[in-house]
Amino acid sequence: MPELPEVETVRRGLEPWVKGKKIKSIEMVHKGGNRSSTFAPITTVQDARILELKRRGKFLWFQLNRDLALVAHLGMSGQFLIQPKKADDEKHLRVRIDCGDRKKEIRFIDQRTFGWVAIDELVEVDGEWIPRSFARIAPDIFDPKFDAKKLIRKIANKKSAIKRVLLDQTVMSGVGNIYADESLWRARIHPERMANTLSEDEVKTLLSSVKKVMTKALKQGGTSFDALYINVNGESGYFAVELEAYGREDEPCSRCGSFIRRIVFGNRSSHFCPNCQKNLKKSGAKRG
DNA sequence: CTTATGACCTGCAAGC
DNA sequence: TGCTTGCAGGTCATAA
């Protein structure tokens with residue numbers, strides 16, 4: 001569910017509850033997805049101090065005063081909530097963290113179990129120590145390490161539909177199904193266009209669309225369709241009302257009035273305007 | 001190496 | 001009122 005703007009909204013909401021705090025207790029109430037690292041039991045970080053709450057792409061990472069990190073991924077339905085300690089356990093409660101507040105605790109809740117919280121070891125990448133779980137993903141578009149030139153070259157060599165490339169976290173992280181469709185709509189590029197047929201200008205337009213769409217979404221607290229994505233205080237995000245393509249099948253395009261279409265490829269839905277976002281006849285890769 | 005596919009899991013809505 | 005089918009914000013192992 002959550003893409004970069006939603007994960008960042010959660011990070012900002014959670015930060016004041018954890019930054020500089022000591023982990024008084026941490027408990028795996030119910031095992032989450034089978035992706036959880038088995039590097040160490042979660043209670044290993046008890047008594048550690050949380051120095052920073054960081055994010056790369058869709059991964060959250062609690063930086064500790066240890067050689068270990070506490071890592072979290074929300075998957076499709078994971079959420080962090082600040083709850084009263086005396087509130088009943090939620091049906092899908094996975095992890096409970098007490099950071100010393102007298103009345104409140106942090107809960108990780110996840111209906112679909114694709115999310116997880118785990119201990120991870122640190123590895124060095126580009127002179128920076130980051131958790132092994134996401135050491136291979138590329139920087140996201142807001143990361144100071146984001147290198148547009150390098151990315152443009154990478155995309156130019158991809159023999160795959162541009163939508164797939166946008167979703168590939170090792171190319172650029174943070175983009176998911178909603179913001180891929182929204183960015184492509186904004187850049188007037190068909191999701192099935194082969195990446196290596198895009199001109200440099202088209203790729204630049206696309207990247208600035210990704211940034212623009214995500215910046216706007218972040219200002220609205222992300223996109224909520226239901227209770228599966230909410231901020232740590234239970235509030236929804238309000239970007240859904242501004243969506244132009246995603247989830248708008250058979251509704252008119254706000255630019256030209258044509259009806260938005262939904263197609264399925266790569267096991268995902270793609271929404272686009274058939275008039276504004278035309279696919280080129282496959283002429284193959286450029287020669288020479 | 002690259003790219004494509006389906007598996008993982010729960011719950012909801014629509015159609016019969 | 002069931003039952004079945006399809007769909008959902010993501011990632012990963014495996015196959016080709």
Side-chain angles (χ1 to χ4, degrees), chain A residues 1-11 30-38 55-60 71-80 90-94 108-118 120 131-138 140 153-183 191-196 210 213-214 217-218 220-231 236-240 242-243 245-250 262-271 285:
Chain A
M1 117 195 157
E3 306 178 33
L4 189 153
E6 291 76 34
V7 178
E8 177 60 17
T9 300
V10 169
R11 193 199 67 76
H30 186 292
K31 263 216 181 296
N34 42 14
R35 299 260 151 76
S36 305
S37 150
T38 51
R55 180 191 56 73
R56 187 179 213 188
K58 305 171 195 170
F59 288 80
L60 281 174
V71 182
H73 195 289
L74 304 181
M76 293 281 258
S77 54
Q79 49 193 210
F80 278 102
E90 292 77 4
K91 185 175 178 191
H92 300 290
L93 177 63
R94 311 283 170 190
F108 180 73
I109 297 150
D110 186 20
Q111 177 187 101
R112 287 180 71 186
T113 74
F114 292 159
W116 46 266
V117 175
D120 202 3
R132 182 181 289 285
S133 345
F134 56 90
R136 33 189 189 79
I137 74 168
D140 60 66
R153 254 181 284 128
K154 219 169 176 180
I155 291 174
N157 288 317
K158 283 283 177 186
K159 297 187 192 69
S160 184
I162 186 61
K163 168 83 182 271
R164 275 192 220 278
V165 175
L166 281 177
L167 294 177
D168 183 342
Q169 305 295 299
T170 67
V171 174
M172 169 173 57
S173 64
V175 180
N177 213 31
I178 296 178
Y179 299 105
D181 282 2
E182 291 302 301
S183 305
E192 289 178 296
R193 268 287 292 286
M194 294 305 279
N196 60 2
V210 169
V213 168
M214 286 189 160
L218 192 48
Q220 307 278 345
T223 304
S224 297
F225 299 120
D226 51 40
L228 286 189
Y229 165 67
I230 45 177
N231 197 355
S236 295
Y238 293 98
F239 192 66
E242 289 185 37
L243 294 177
Y246 185 89
R248 295 196 63 234
E249 185 182 16
D250 296 334
R262 182 175 77 90
I263 58 173
V264 176
F265 73 99
N267 287 322
R268 318 293 301 265
S269 287
S270 285
H271 311 75

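Each chain gets a letter, A, B and so on, in the order its sequence line appears, and its residues count up from 1.
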Does the side chain of Lys163(A) come within less than 4.5 Å of Asp181(A)'s, by heavy atoms? yes

So does Arg11(A) have more than 12 non-hydrogen atoms from other groups sitting under 6.0 Å from CZ? yes

Any base atoms under 4.0 Å from Tyr179(A), or only sugar-phosphate, or nothing? Heavy atoms, all strands. nothing

Pairing string, 5' to 3', for DNA chain B - Watson-Crick or wobble contacts under 3.5 Å, brackets [ ] where pairs cross, | to another strand: .|||||||.|||||||

Arg164(A) (side chain) and dA4(B) (base): donor-acceptor pair under 3.5 Å: no

Would you check if Leu60(A) and Val117(A) make a side-chain contact, meaning some heavy-atom pair closer than 4.5 Å? no

Within the structure, does a side-chain N or O atom of Arg268(A) lie under 4.0 Å from either OP1 or OP2 of dC7(C)? no

Looking only at the aromatic ring of each residue, does the gap between the centers of Phe239(A) and Tyr229(A) stay below 6.0 angstrom? no

Val175(A) and Leu167(A) have their tightest heavy-atom pair at O-CD2, 3.9 Å

Which whole-number value in Å describes the distance from Arg56(A) CZ to dT11(C) P? 14 Å

With a centroid cutoff of 5.5 Å and a plane-angle limit of 30°, would you call Phe114(A) stacked on dC9(B)? no

Using OP1 and OP2 only, check whether a side-chain N or O of Ser160(A) sits under 4.0 Å from dA4(B). yes

How would you label the contact of Ser269(A) with the nucleic acid (heavy atoms, under 4.0 Å): base, sugar-phosphate, or nothing? sugar-phosphate

Quick one: Arg112(A) CZ to dC12(B) C1', roughly how many Å, whole number? 11 Å

OP1 or OP2 of dT2(B) under 4.0 Å from side-chain N/O of Lys158(A): no

Could you state the CD-C1' distance from Glu3(A) to dG10(C), rounded to the nearest angstrom? 9 Å

Taking atom P in both dC3(C) and dC9(B), what distance in whole Å separates the two? 23 Å

Determine: side-chain N/O of His92(A) to OP1/OP2 of dC9(B), distance under 4.0 Å, yes or no. no

Leu228(A) CG to dC9(B) P, in whole Å, measures 18 Å

Tell me: CG of Leu74(A) to C1' of dT11(C), nearest whole Å? 13 Å

Base, sugar-phosphate, or nothing: which does Asn267(A) touch, judged by heavy atoms less than 4.0 Å apart? base

Do Arg262(A) and Asp250(A) meet the salt-bridge criterion of a basic N to acidic O distance under 4.0 Å? no

Please determine whether a side-chain nitrogen or oxygen atom of Lys159(A) lies at a distance below 4.0 Å from atom OP1 or OP2 of dT3(B). no

Taking CH2 from Trp116(A) and P from dC9(B), how many angstroms apart are they, rounded to a whole number? 17 Å

dC9(B), OP1 or OP2 - any side-chain N/O from Gln111(A) closer than 4.0 Å? no

Is any side-chain N or O of His73(A) closer than 4.0 Å to OP1 or OP2 of dT11(C)? yes

Qualifying residue, where the test is side-chain contact (heavy atoms from CB on, under 4.5 Å) with Gln79(A) and the options are Ile230(A), Asn231(A), Asp110(A), Val10(A): Ile230(A)

Which of these, Trp116(A), Phe114(A), Phe80(A), sits in a side-chain contact (heavy atoms from CB on, under 4.5 Å) with Leu74(A)? Phe80(A)

Taking only the side-chain nitrogens and oxygens of Lys91(A), find out if one of them lies under 4.0 Å from OP1 or OP2 of dG11(B). yes

How many Å lie between CG on Asn157(A) and C1' on dC1(B), as a whole number? 13 Å

Distance, rounded to the nearest Å, where Arg262(A) contributes CZ and dG6(C) contributes C1': 9 Å

